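The structure presented is a predicted model; accordingly, all values stated were derived computationally and were not measured. Because only heavy atoms are used, hydrogens play no part in the values below, and waters and symmetry mates are left out as well, while side chains stay in. In this chain, numbering begins with 1 at the start of the sequence shown. First listed ligand is number 1; within each ligand, the first listed atom is number 1.
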Amino acid sequence: MGNYVVEMLDIRKEFPGIVANNNINLQVKKGEIHALLGENGAGKSTLMNVLFGLYQPEKGEIRIKGEPVKVTDPNVANRLGIGMVHQHFMLVENFTVAQNIMLGVEPTKKGVIDIDKVEREVAELSRKYGLSVDPKAKISDISVGMQQRAEILKTLYRGADVLILDEPTAVLTPQEITELMKILCSLINEGISIILITHKLKEIMDVCDRCTVIRKGEGIATVNVNETTADELAALMVGRKVEFKIEKTEAEPKEEVLTIKDLKVKDSRRALMVKGLNLSVRSGEIVGIAGIDGNGQSELIEALTGLRKVESGQILLNQQEITHLSTRKITEAGVGHIPQDRHKYGLVLDFPIAENMVLQTYYQKPFSKNKIMSFNKIYEYGKKLIQDYDVRTPSPRTKARALSGGNQQKAIIAREVDRSPDLLIAAQPTRGLDVGAIENIHKRLIRERDQGRAVLLLSFELDEIMNVSDRIVIMFDGKIVADVKPSETTEQELGLLMSGSQPEKEGDI
Ligand SMILES: Nc1ncnc2c1ncn2[C@@H]1O[C@H](COP(=O)(O)OP(=O)(O)OP(=O)(O)O)[C@@H](O)[C@H]1O
Ligand SMILES: [Mg+2]
């Protein structure tokens with residue numbers, strides 16, 4: 001009884017039109033990593049926002065170390081030792097790491113903020129827990145992985161001994177994930193308890209002690225991880241068996257849809273990132289780009305979609321040059337884009353979800369006629385996409401902001417796929433999706449391929465690249481360095497190619 005640090009008992013939380021949490025129980029033991037698993041929209045973030053004091057539950061009790069408490073706001077949560085790293089980070093971009101960490105709890109010396117002290121303390125904490133950050137670095141200049149470590153340090157700096165991590169690995173590369181998992185293990189060794197939300201069953205199997213599963217707002221079960229399997233967890237959360245590897249027929253590529261010739265693109269700091277890249281994608285094939293993050297992939301995708309200037313070289317769509325066109329013109333020419341960063345490029349968060357589904361087409365028929373928008377047509381279409389793509393939302397009028405992270409992602413996919421573009425660029429399309437939704441999206445990409453689309457898939461998950469692609473190209477140092485068939489390669493071989501070595505030479509390393 002006494003060994004629970006956090007107890008959430010019979011928690012109920014409603015939003016207009018939906019019960020997000022219906023009498024959920026969650027009990028976390030001291031020093032454990034407790035996974036919270038559930039489909040997109042199941043109510044995980046909501047439950048954690050209740051624990052962190054961002055939402056007040058309609059019903060239920062919270063106990064911290066056995067004491068009943070009312071968490072009326074996040075400051076109260078901090079005082080109770082609860083820290084949270086949100087699904088979408090909350091750092092001030094043009095502040096340094098140290099400035100972000102001390103925000104709101106600034107120590108002063110003779111009335112002046114003592115930044116040296118903070119930097120010293122941050123350095124100390126980061127050493128103790130193996131969280132490497134540069135306290136003086138500006139947030140906008142550091143990697144996502146380091147931003148996340150800054151978020152974790154921010155909670156530890158405030159004395160948190162219960163850490164809530166909402167899908168921390170969704171935004172990380174595989175290397176960063178390995179590093180984070182090590183950090184989590186060192187945190188529990190120091191007596192910190194962790195609640196981890198993740199859709200990646202492997203992570204649960206690897207580092208978690210227990211797992212609480214919720215489905216459609218209801219608590220389903222809490223299981224000991226060493227007494228279960230990934231398949232069993234998937235079935236518990238989705239309520240059916242999930243196929244991790246989808247069946248598909250051999251691709252039948254036809255005419256060339258995308259042609260890239262000697263493309264050069266610079267990043268925002270004017271460094272050349274795409275260094276003379278050549279690539280073609282044909283109708284009826286899915287080409288997967290494998291590579292370690294930072295080898296020019298983002299710059300390539302941004303150049304293809306008109307979001308970044310091309311320095312030199314050519315991009316052709318159906319043999320027509322689109323190199324220097326605007327994003328709108330490129331879209332009209334037949335390019336669909338599922339962006340990596342759903343908040344930056346994917347959605348207008350304060351628009352209703354149905355209106356987000358016509359962001360590129362609202363000025364065309366049937367959504368507009370003689371410059372007058374037909375909201376009836378827009379909402380009719382929105383409803384259809386919500387249905388077809390299983391976007392879980394109380395209504396088409398709900399603002400995009402109020403949808404769960406994964407359902408925001410499904411809405412973007414629906415919009416981009418449903419326009420049936422000749423070329424579909426999917427950059428990490430399944431980021432943040434649950435295993436059932438991933439299965440659906442993979443099937444959808446294959447169906448698009450079979451209907452003659454050209455699909456360019458960027459993913460850092462080798463599983464996904466291997467499962468979905470018909471052809472895999474490896475991007476290293478701004479160029480395509482290899483082109484292989486999934487059936488004729490292995491993850492090990494891909495790993496070597498991605499790091500710039502040639503697998504044939506394996507023997508003489
Ligand atoms: N602020 C809000 N206003 C209205 N509805 C909301 C709000 N926040 C969440 N919801 C709704 O509550 C339900 C649960 O959402 P929640 O974000 O908790 O899901 P989740 O389990 O975290 O999903 P995901 O894995 O996609 O992040 C969803 O139907 C969502 O639309
Ligand atoms: Mg969530």
Side-chain angles (χ1 to χ4, degrees), residues 8 11-24 26 34-58 60 73-74 84-90 151 164-171 195-201 203-204 211-220 233-234 236-239 242 342-343 346-347 349-354 356 382 386-387 389-414 428-441:
M8 299 184 81
I11 300 292
R12 182 179 172 90
K13 175 69 205 160
E14 295 170 23
F15 292 115
I18 195 153
V19 182
N21 291 163
N22 190 13
N23 305 336
I24 296 189
L26 174 73
H34 195 114
L36 193 53
L37 178 68
E39 283 181 295
N40 297 126
K44 305 176 297 291
S45 296
T46 302
L47 188 68
M48 290 303 100
N49 285 333
V50 167
L51 179 58
F52 195 55
L54 284 165
Y55 296 146
Q56 292 311 307
E58 267 74 51
D73 65 61
M84 178 160 180
V85 178
H86 294 271
Q87 197 161 356
H88 302 107
F89 297 165
M90 304 211 169
E151 285 270 25
I164 306 167
L165 299 168
D166 193 350
E167 288 191 49
T169 60
V171 292
I195 305 175
L196 176 69
I197 301 182
T198 178
H199 289 295
K200 298 179 187 168
L201 302 173
E203 291 166 10
I204 299 181
C211 175
T212 293
V213 182
I214 61 181
R215 195 197 303 156
K216 297 192 170 127
E218 312 267 348
I220 297 292
L233 286 175
L236 266 181
M237 70 177 269
V238 185
V242 176
R342 59 178 165 244
H343 282 183
L347 295 166
L349 289 173
D350 285 317
F351 276 15
I353 195 65
N356 267 286
I386 287 167
Q387 185 91 44
Y389 290 80
D390 190 26
V391 180
R392 304 204 184 156
T393 171
S395 130
R397 296 193 184 274
T398 306
K399 283 186 182 170
R401 189 184 295 286
L403 262 62
S404 79
N407 283 298
Q408 292 175 351
Q409 180 72 5
K410 286 198 246 170
I412 295 171
I413 295 174
Q428 308 211 63
T430 58
R431 198 181 230 187
L433 295 192
D434 67 60
V435 287
I438 290 176
E439 181 192 340
N440 290 336
I441 298 304

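Taking every heavy atom of both residues into account, Gly382 and Ala354 meet most closely at CA-CB, 4.0 Å.
Side chains of Glu167 and Thr198: a donor-acceptor N/O pair is absent below 3.5 angstrom, by distance only. For the residue pair Thr46/Asn21, the side-chain donor-acceptor check at 3.5 Å is not satisfied.
For the pair Lys410 and Tyr389, the cation-pi criterion (under 6.0 Å, within 45° of the ring axis) is not fulfilled.
Annotation for Lys216: atom NZ does not count as buried by contact number, only 12 or fewer foreign heavy atoms lying within 6.0 Å.
Between the Glu151 side chain and the Met90 main chain, a donor and an acceptor come within less than 3.5 Å of each other.
Legend: protein N/O/S atoms lying under 2.8 Å from the Mg ion (ligand 2), waters omitted, number 2.
Enumerated by chain and number, the residues approaching ligand 1 to less than 4.0 Å through a heavy atom are Phe15, Ile18, Ala20, Glu39, Asn40, Gly41, Ala42, Gly43, Lys44, Ser45, Thr46, Tyr55, Gln87, Glu167, His199, Ala402, Leu403, Ser404, Gly405, Gly406.
Glu39 and Arg392 are joined by a salt bridge, as a carboxylate oxygen and a charged side-chain nitrogen come within less than 4.0 angstrom of each other.
For the pair Ile386/Ile353, a side-chain contact is recorded, criterion being any heavy-atom separation below 4.5 Å from C-beta on. Between Lys44 and Ile214, some side-chain heavy-atom pair lies under the 4.5 Å cut-off.
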